[in-house]
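One structure is given below, encoded as structure tokens.
Quick note: numbers below take in every heavy atom, side chains included, and nothing from hydrogens, waters or symmetry partners. The residues of the chain are indexed from 1 along the displayed sequence.
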Amino acid sequence: MKTSQHFWLISIINSLLIIPACSAQNPPETLLEEVFEDLSVNNDVTNPVNESTWENELQELAEHIHDPINLNKVTRGQLEQFPFLNDLQIENLLAYIYIHNGMKTIYELQLVKEMDKQTIRYLSPFVCVEAINNEESFQWKTLLRNAGKYGKHEAITRFDIPLYKRKGYEQTYLGPSVYNSVKYGYRYRDQLYVGMAAEKDAGEPFGALHNRYGYDYYSFYLLLRNCGRLRSLAVGNYRMSFGQGLVISTDYMMGKTVYASSFNSRSTGIKKHASTDEYNYFRGIASTVALGKWWTASGFYSHRTMDGVITDGEITSIYKTGLHRSEKEADKKNLFTTQLTGGNLSYQQNRLKWGITGIYYFFNRPYEPELTGYSKYNLHGRTFYNVGTDYAYRWYRLSFQGETAIGKQGMATINRIQYSPTEDYQLVLIQRYYSYQYWAMFAHSFAEGGSVQNENGWYLAAEATPFSHWRFFASFDWFSFPWMKYRISKPSQGLETVLQTNYSPFDNLTMYLKYRYKKRERDLSGTNNEVTLPTFSHQLRYRLNYSASKMFSLRTTLDYNHFSIQGKTASHGYLASQMVSYQLPCFPLRMEVQGSYFSTDDYDSRVYAAEKGLLYTFFTPSFQGHGVRCSAHLRYDLNTHWMFIAKFGETIYSDRDEIGSGNDLIRGNKKADVQMQLRVKF
């Protein structure tokens, strides 16, 4: 195609199909949260969003909003960090850039094969198009000089203040009820990151008792990326993910979403740990080096203290919450150490990818938990290892990827096939087999039961956009547990079905209707003999999103849950939620108000309502009983340097005089909180 014809075609498409994401109606971080909420499973009562798990990903992608990736210099690895892009879209985008010797405008995304309107809307805020100047080869002196001159600083502090008092503060908890965290980060492009994070949970002392050095948790990190052959170097706290996560992964997992593209699991390698998550990280040094055009090698070492319970010189349990509010919890802090070392060797050429990952880890004390019931086959001892090989191949519209791993006992394997007969249709088939003897302390992959152990299953999903404005999704998951599980005293099996229809008649109006059915088995409580009966869960959700202008938008959500156990009366749950967002026309203040009414019969029929959270966070509280929830979120951007957020939320129950139990007991039927966050960028 000649250059003039090329530009004429771009101009015509640009005039007819304006990319809505290029004129985002909300602050950049707001759009990021909407994208991840749309992809996530935060409305699934069995898989709620974990705020600390997502904090790293939200922050890392937000960096690209303020410093977009130049598509004319983009790499496959940079594109693979976006969960809404599938392998075929990445391949076609890279091919388009190569064939046309770069892009002239971001609107050319509409000319890339397989790039649908929704994907372009998601991708556009994170990328830009700039001309490539003749750049010199990498030099350390240049990096250090430019980093000191052009680096960017960001500092964030957060306060959560409860307007109620829990029972634990009367005698048990050692510190004030205020939550506080401080984070500082320094960044130069996508090459150098330095930062720290500090956190004090509510109820933990500050500068006293076991926290005499101030905060309860500190994290420091340094990360170098793309420095010649040095692909990455992490010192301090870091995260890792290789293959499909059967050996090691501390990254987020999309889980069972309603988008076929999000089922692509990619090895993201070594990344910084900048969040306040006190469990899912490593501490030490890790590095990845390019051995050639197709080969990379990674090595890592970690040495960190962990919380737990020590009995007679042996570790009997590992404590993962990171809470040290009482003497009992503080006594579990930093009681043993774990060391880990290992590596990864990876080969990738065009459509073929292969890798092998091995880790060896050990405790300074024997690990001897109580092995009874469903935990009978959990490993015990002092030293452990896991080895796995991952593989991937794409042939035109058909792609295959998987991983197989072994440990001291048992094995695990996951394999997925994805086929797109046309750009409007996608099929995904995932097979997993995790033996009940397999144990991998740092594994995290696709699973129904929450861990890479004791699960077999077949998952089939289909996505179709047969005509304009409509998208249909359907999935079926058949799973079984070969050994006992929590609340299940024998091997069991289950089924889950999800159906969703999306309708988008206009760019500013979208809606969807979603139905989820799940059948699982459970022990019947209150019986002397172990009686296991099937349970049935039905969830129905309708959501409407509407933006009247750049200043005003609203979201309406209606939920209905139906839960039953064979031979027992069914329980029901209802939720009606309304959100209204407004940007003042002549003042940098954005307000979001949300109100929700909920009514549920019990815990099994509980409902979830996603709310606007603070920066880089999700907030998806659950409700059971009868009551209302209201919240007000204010964001004030004074300028490009200063941003302040304040949020007030209150839940009022109409069916009780007390909320919670034990140390978390609140006397009264109201629970109100104030959250504040200040960010400074310079």
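With hydrogens and angles ignored, the 3.5 Å screen pairs a side-chain donor or acceptor of Asn211 with a backbone N or O of Pro205. At least one donor-acceptor pair closer than 3.5 Å links the side chain of Gln191 to the backbone N or O of Asn226. Not a single donor-acceptor pair under 3.5 Å links the side chain of Arg121 to the backbone N or O of Asp507. Within the 3.5 Å criterion, the main-chain N or O of Met551 finds a donor-acceptor partner in the side chain of Ser549. Side-chain atoms of Asn669 come within 3.5 Å of backbone atoms of Tyr653 as a donor-acceptor pair (strictly under, hydrogens ignored). When atom types are taken as modelled, the side chain of Lys271 and the backbone of Ala234 share no donor-acceptor pair closer than 3.5 angstrom. For Ser605 (side chain) and Asp602 (main-chain N/O), a donor-acceptor pair under 3.5 Å exists by modelled atom type. A donor-acceptor contact shorter than 3.5 Å links the side chain of Asp601 to the backbone of His572. Looking only at distances, a side-chain donor or acceptor of Asn639 sits under 3.5 Å from a matching main-chain atom of His641. A donor-acceptor pair under 3.5 Å is absent between the side-chain atoms of Ser249 and the main chain of Phe442, judged by distance alone.
When only modelled atom types and interatomic distance are considered, Arg543 and Thr557 share a side-chain donor-acceptor pair under 3.5 Å. A donor atom on one side chain and an acceptor atom on the other are found under 3.5 Å apart for His626 and Ser599. Using modelled atom types and a 3.5 Å distance limit, the side chains of Tyr169 and Asn663 yield no donor-acceptor pair. For Asp307 and His324, the side-chain atoms include at least one donor-acceptor pair closer than 3.5 Å. Checking Gln500 against Asn502 by side-chain atom types alone, a donor-acceptor pair falls below 3.5 Å. Remark: the Gln594 side chain and the Arg555 side chain contain an N/O donor-acceptor pair separated by less than 3.5 Å. At a cut-off of 3.5 Å, with distance as the only test, no side-chain donor of Arg225 or Ser232 sits close to an acceptor on the other residue. For the residue pair Gln578 / Thr556, a side-chain donor-acceptor distance below 3.5 Å is found, with atom types taken as modelled. Between Ser571 and Asp604, the side chains place no donor N or O within less than 3.5 Å of an acceptor N or O (distance only, hydrogens not considered). Using modelled atom types and a 3.5 Å distance limit, the side chains of Asn508 and Ser547 yield no donor-acceptor pair. No donor-acceptor contact under 3.5 angstrom links the side chains of Glu204 and Tyr217, judged on distance only.
Interatomic distance, OG of Ser124 versus CD1 of Ile106, reported as 4.5 Å (0.5 Å rounding). Taken to the nearest 0.5 Å, the OG atom of Ser504 stands 8.5 Å off from the CE atom of Met511. We find the CG-CD1 distance between Leu615 and Ile645 to be 5.0 Å, quoted to the nearest 0.5 Å.
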TODO: Report the C-alpha separation of Met240 and Phe282 in whole Å, then their side-chain angles, then the decisive distance to 0.1 Å, and conclude whether the side chain to side chain contact (heavy atoms under 4.5 Å, CB included) test is met.
DONE: CA-CA 8 Å; Met240 290 187 298; Phe282 304 99; 3.8 Å; yes
Task: CA sep, side-chain torsions, deciding dist, call: Glu154, Tyr186, side-chain hydrogen bond (donor to acceptor under 3.5 Å, both in side chains) - done: CA-CA 6 Å; Glu154 180 180 88; Tyr186 173 82; over 6 Å; no
- [ ] Any chance you could lay out the side chain to side chain contact (heavy atoms under 4.5 Å, CB included) test for Arg635 and Lys612, step after step, and finish with the verdict?
- [x] CA-CA 11 Å; Arg635 171 170 172 161; Lys612 180 73 171 180; 5.9 Å; no
TODO: Would you sort out whether Phe82 and Leu123 count as a side chain to side chain contact (heavy atoms under 4.5 Å, CB included), showing the intermediate values?
DONE: CA-CA 8 Å; Phe82 300 113; Leu123 180 63; 4.0 Å; yes
- [ ] Starting from the C-alpha separation in whole Å, work towards a yes-or-no answer on side chain to side chain contact (heavy atoms under 4.5 Å, CB included) for Asp216 and Lys333.
- [x] CA-CA 10 Å; Asp216 180 75; Lys333 186 176 182 180; 3.0 Å; yes
TODO: Could you go through the side-chain hydrogen bond (donor to acceptor under 3.5 Å, both in side chains) check for Thr651 and Arg629 one step at a time?
DONE: CA-CA 4 Å; Thr651 305; Arg629 165 77 180 179; 3.1 Å; yes
Task: Stepwise side-chain hydrogen bond (donor to acceptor under 3.5 Å, both in side chains) test for Thr250 and Asn280 - done: CA-CA 6 Å; Thr250 53; Asn280 294 298; over 6 Å; no
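Heavy atoms only, all atoms of each residue included: Ala576 and Leu558 are closest at CB-CD2, 3.8 Å. Across all non-hydrogen atoms, the minimal contact from Tyr281 to Arg304 is O-NH1, 3.0 Å. For the residue pair Leu174 and Ser326, the shortest heavy atom distance occurs at CD1-C, 3.8 Å. The minimum heavy-atom distance between Tyr512 and Arg541, with the atom names listed, is OH-CD, 3.4 Å. Here the closest non-hydrogen pair linking Gly625 and Asp655 is CA-OD2, 3.3 Å. Across every non-hydrogen atom of His633 and Gly613, the tightest pair is NE2-O, 3.0 Å.
Aromatic ring orientation, Phe623 versus Phe598: parallel (interplanar angle below 30°, classes split at 30° and 60°). Aromatic ring orientation, Phe220 versus Tyr218: parallel (interplanar angle below 30°, classes split at 30° and 60°).
The side-chain tip of Lys332 points at the ring of Tyr319 from less than 6.0 angstrom away and within 45° of straight on. Taking the ring centre of Phe206 as origin, the terminal cationic atom of Lys200 falls outside the region bounded by 6.0 Å and 45° from the ring axis.
For Tyr279, the OH atom sits in a packed shell: over 12 heavy atoms of surrounding residues, nucleotides or ligands are nearer than 6.0 Å. Residue-environment remark: CZ (Phe682) exceeds the threshold of 12 foreign heavy atoms within 6.0 Å. Remark: Tyr164 OH is packed, more than 12 non-hydrogen atoms of other residues, nucleotides or ligands lying under 6.0 Å away. Shown here is Glu658, whose CD atom has more than 12 heavy atoms of other residues, nucleotides or ligands within 6.0 Å.
Residue pairs meeting the salt bridge (charged side-chain N to carboxylate O under 4.0 Å, His left out) criterion with at least one partner in residues 160-187, sequence neighbours excluded, are Glu55-Lys183, Asp67-Arg187, Arg158-Asp160, Glu170-Arg667.
Aromatic pair Phe644/Tyr636: ring centres not closer than 6.0 Å.
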